[in-house]
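Heads up: the structure comes next, in structure tokens.
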Amino acid sequence: ARTPPRSRLDQQAPQRGAGARSGDIAMAGFGGGMPGGMPGGMGGLEGLLGGLLGGGGGLDGIWDNPMIGNIAFHPSQVEPTHLGATTGPIRDGTFDVSGGDKVSYRFYVPSDTAALKAVVYFFHGNAEVCTAMDDVADMLHCQGAALLSIDYRGYSWGTGTPSLTKLCGDAEFCFMQSHALLDAAGCGSARKVVHGRSIGATCAVHLASKFGGKIHGLIIDSGLMSIKGLPMVQMMGPMLFAQQPGMFQMLQEPFDTLGKLASVSCPTLIMHGDKDEIVPYAQATQCHERCAAPDKKLQSWPGAGHNNVSVMYGDGWKQEIQTLLEQAVAFSCDFPAGALVEAHSLSTAALNGTQGRVLGPQGAERIRVQFADGEKALKPSNLKIIVEQGVEDFPVGADVEAHSLSVAELNGVRGKVMGIAGTDRVRVEFPAPHGEKALKPANLKLVNRLGG
């Protein structure tokens with residue numbers, strides 16, 4: 001049988017011995033000894049721990065420490081070849097993230113956008129870049145999908161320094177800004193699928209849990225669920241905290257990816273090699289168990305490691321993605337996580353008329369809702385959506401009016417939308433003396449979408 005072509009996913013980084021490469025999960029960087037050439041032995045370990053805890057923030061600040069960042073990320077600089085392009089099959093650009101930094105992206109657009117069914121948002125491994133996806137883009141185009149490949153800070157032509165604690169927030173910023181990009185390409189109404197490979201799975205799961213009403217499919221590909229559960233971290237952690245063993249147990253995960261899976265409702269495909277030497281296969285089984293999506297699948301690749309799935313199972317990998325895309329196109333979710341709902345027609349009369357927030361699905365027949373007096377699992381027929389406006393409902397240039405603010409003098413004042421602040425506020429320029437304010441959508445009324 002012919003060996004399937006090697007995906008660029010696996011070509012990006014050079015091999016570092018059997019079954020491992022620099023590209024994926026960053027913690028493989030521990031494999032060559034202590035980070036930064038630090039000597040082994042207790043003195044070196046104590047020095048490393050002192051450096052980590054001395055970086056600011058104590059235990060809570062460890063994940064932001066530059067020493068951890070240097071292990072967790074291996075960025076490469078790549079020059080864009082289609083920067084600013086608004087037509088053509090490849091379009092390079094950047095998304096703005098907090099602190100003034102920029103995250104680079106490459107948008108692969110099929111020639112026939114009229115037949116486009118989905119857009120796949122791809123978040124890569126820790127030593128890959130957004131431009132190394134030509135083969136995957138061709139495959140997705142054949143399946144009726146475009147590909148938006150997104151970097152992390154400091155990768156390709158992006159700016160700043162990659163950060164574990166900013167990873168998910170940056171993914172939100174990129175997702176929010178991508179809507180205008182997709183609209184301009186004529187594919188704004190296409191179904192959206194998030195695909196995370198290795199450390200990129202943290203971003204994909206975060207978006208699927210945060211934007212349940214806008215994400216229609218989730219692919220977790222050799223995905224990281226727990227940094228503390230990585231073999232090298234499990235080995236190094238107790239050694240680093242040997243003098244204070246309880247500190248390692250107290251250390252919180254920087255992402256809580258496993259916890260976010262309870263809010264995922266869209267069709268979910270989890271793929272993992274059962275001989276993965278970097279992210280253990282057990283993390284895939286945990287992911288499958290914790291994922292609340294009624295339609296989910298765990299695809300095991302026997303004998304495959306972290307970086308050779310496409311070599312061993314290229315055709316099968318493609319087929320699984322095609323099936324997921326078909327499921328995403330057919331998927332709809334009336335009660336996504338985060339939605340405001342009101343209970344009605346219940347035998348417990350006291351709950352009727354009560355509003356709460358959707359937490360996620362419970363099986364295929366009930367919805368978990370957080371009410372003021374606790375969590376309930378109700379049938380969809382006993383819930384109705386309370387329509388709320390989001391930041392995307394206030395386009396730049398629109399005229400708006402402020403209301404229901406504690407700063408009473410601003411209520412009733414009209415201004416013009418300038419953009420989005422963070423992920424949940426709208427920047428509005430009001431007349432003097434008020435100036436620019438960042439307000440929640442709930443405190444704004446759209447007066448004129450076109451402005452003027």
Original post:
In a check of side chain to side chain contact (heavy atoms under 4.5 Å, CB included) between Val194 and each of Ile220, Val120, Ile215, which one passes?
Top reply: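 Testing Val194 for a side chain to side chain contact (heavy atoms under 4.5 Å, CB included) against Ile220, Val120, Ile215 leaves exactly one candidate, Ile215.
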
Original post:
In a check of side chain to side chain contact (heavy atoms under 4.5 Å, CB included) between Phe107 and each of Leu147, Asp92, Leu182, which one passes?
Top reply: Leu182

Rounded to the nearest 0.5 Å, what's the gap from [atom1] on [X] to [atom2] on [Y]? Could you check?
X: Leu324; Y: His195; atom1: CG; atom2: NE2; answer: 9.0 Å
X: Arg366; Y: Ser381; atom1: CZ; atom2: OG; answer: 8.5 Å
X: Lys297; Y: Leu269; atom1: NZ; atom2: CG; answer: 7.0 Å
X: Leu218; Y: Ser265; atom1: CG; atom2: OG; answer: 10.0 Å
X: Thr94; Y: Leu83; atom1: OG1; atom2: CG; answer: 7.0 Å
X: Ile68; Y: Ile71; atom1: CD1; atom2: CD1; answer: 5.0 Å

Original post:
Counting only heavy atoms not in Lys210, do more than 12 fall under 6.0 Å of its NZ?
Top reply: no

Original post:
Does atom CD of Glu365 have more than 12 heavy-atom neighbours, drawn from other residues, nucleotides or ligands, at distances under 6.0 Å?
Top reply: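 Not more than 12 within 6.0 Å, no.
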
Subject >> side-chain hydrogen bond (donor to acceptor under 3.5 Å, both in side chains) pairs, two or more places apart, involving residues 329-353 >> reply: Glu342-Gln355

Donor-acceptor under 3.5 Å ([X] side chain, [Y] main chain):
X: Tyr155; Y: His74; result: yes
X: Ser300; Y: Leu298; result: no
X: Asp64; Y: Gly61; result: no

Subject >> Within the 6.0 Å centroid threshold, strictly below: Tyr152 and His124 >> reply: yes

Original post:
Only one of Arg427, Lys416, Arg425 clears salt bridge (Lys or Arg N to Asp or Glu O under 4.0 Å) with Glu436; which?
Top reply: Arg427

Original post:
Where is the tightest heavy-atom contact between Val358 and Phe335, given as atom of each residue plus distance?
Top reply: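 Smallest heavy-atom distance, with atoms named: CG1-O, 3.5 Å.
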
Original post:
With a 3.5 Å cut-off and no angle check, do the side chains of Trp317 and Asp221 form a donor-acceptor pair?
Top reply: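 A donor-acceptor contact under 3.5 Å links the two side chains.
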
Original post:
Is there a donor-acceptor contact under 3.5 Å linking the side chains of His206 and Lys260?
Top reply: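 Yes.
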
Original post:
Under a 4.0 Å N-O cut-off, is there an ion pair linking Glu253 with Lys228?
Top reply: no

**OP:** Considering only NZ, NE, NH1 and NH2 on the basic side and carboxylate oxygens on the acidic side, decide whether Arg357 and Glu388 come within less than 4.0 Å.
**Re:** yes

**OP:** Applying side chain to side chain contact (heavy atoms under 4.5 Å, CB included), run through Phe95 and Phe175 and close with a yes or a no.
**Re:** CA-CA 9 Å; Phe95 294 123; Phe175 182 73; over 6 Å; no

